[in-house]
Amino acid sequence: MTGRDAATRGIAAVVRVRAEGEISEEVLVYARSKIDAVVNRPGLPAVTGEVRITKAAAHHAEHPWSAVADLRVGASPVLVHAQEATSQEVTDRLQDRLRRQVERAAHGRNAAHRPVTPRWRGGQSPEAPTGRNVPTDPPTSG
């Protein structure tokens, strides 16, 4: 198994694309362009990490191509896996999954979008923002 490293265009030394196995340069160029389209968009926090593309040595494997992206978007970790029959399919699948996860990590995990814990589970009421709001009288049955 041979390993080749290459920095993605436009984000040198931030996201690395690593190939393992018998992978042509055209496959790497295609993967770099797809990954660059996801991580090099305006409005994203700093993106760092590595993408590994692997081709299985066994010719009888149903999905010999696999890709793993292990990135950090700002302070959020993003881990994406994909397996497909061809290099183009695995790259496209990785790009789709990576786009969703990067978007979620960059914009979907802030306090405004988090669900509010209900009062009956120990959440805070809008009237009393500090402390726990616990009823003083237990409910009566009957």
Side-chain angles (χ1 to χ4, degrees), residues 1-139 141:
M1 179 172 7
T2 60
R4 291 175 286 173
D5 295 333
T8 55
R9 217 173 344 110
I11 49 172
V14 176
V15 176
R16 292 177 19 172
V17 177
R18 203 170 108 204
E20 297 175 356
E22 297 294 324
I23 298 177
S24 69
E25 194 61 36
E26 294 85 27
V27 171
L28 287 177
V29 169
Y30 184 73
R32 281 188 210 116
S33 67
K34 293 292 191 169
I35 293 162
D36 188 34
V38 173
V39 300
N40 202 19
R41 293 181 305 124
L44 287 180
V47 180
T48 59
E50 180 179 80
V51 175
R52 291 182 308 277
I53 299 175
T54 307
K55 183 178 180 185
H59 298 290
H60 62 277
E62 186 176 338
H63 298 289
W65 290 90
S66 64
V68 177
D70 187 6
L71 305 178
R72 185 161 288 282
V73 180
S76 301
V78 173
L79 184 64
V80 180
H81 299 265
Q83 285 187 330
E84 290 297 332
T86 67
S87 64
Q88 187 170 357
E89 288 173 351
V90 78
T91 303
D92 292 344
R93 172 89 54 181
L94 183 73
Q95 182 190 25
D96 291 341
R97 291 179 179 174
L98 196 56
R99 181 176 288 127
R100 283 193 303 269
Q101 294 298 325
V102 165
E103 191 67 28
R104 182 179 292 155
H107 302 294
R109 290 188 181 159
N110 61 24
H113 292 116
R114 288 190 185 143
V116 177
T117 306
R119 289 180 55 208
W120 54 270
R121 283 198 169 173
Q124 299 174 352
S125 69
E127 301 87 35
T130 59
R132 214 173 142 182
N133 191 1
V134 179
T136 55
D137 294 328
S141 61

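A pairwise comparison of heavy atoms in Val102 and Arg41 identifies CG1-NH2, 4.5 Å as the closest pair. What you find for Val73 and Ala106 is that their closest heavy atoms are CG1-CB, 4.1 Å. Shortest non-hydrogen contact noted between Val38 and Leu44 is O-CD1, 3.4 Å. Closest non-hydrogen pair, Ala105 versus Val78, comes out as CB-CG2, 3.7 Å.
Put simply, OG on Ser76 and CD on Gln101 are 10.5 Å apart, with the number rounded to the nearest 0.5 Å. Atom OG1 of Thr91 is separated from atom CD1 of Ile53 by 4.5 Å, given to the nearest 0.5 angstrom. To the nearest 0.5 angstrom, Ser66 atom OG is 10.0 Å from Leu94 atom CG.
The side chain to side chain donor-acceptor pair (under 3.5 Å) search around Arg93 returns Glu84, not counting sequence neighbours. Looking at residues two or more places apart in sequence or on another chain, you find a side-chain contact (heavy atoms from CB on, under 4.5 Å) between Asp96 and Arg99, Arg100.
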task: Please lay out, stage by stage, how Arg16 and Glu50 fare under the test salt bridge (charged side-chain N to carboxylate O under 4.0 Å, His left out).
output: CA-CA 5 Å; Arg16 292 177 19 172; Glu50 180 179 80; 3.6 Å; yes
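In this structure, a donor-acceptor pair under 3.5 Å is present between the side chains of Glu26 and Ser24.
Judged purely by atom type and a 3.5 angstrom limit, Arg97 uses its side chain to pair as donor or acceptor with the backbone of His81.
At a threshold of 4.5 Å between non-hydrogen side-chain atoms, the residues Leu71 and Leu98 count as touching. Two residues are said to be in side-chain contact when any heavy atoms from C-beta on lie closer than 4.5 Å; Ile23 and Trp65 meet this criterion.
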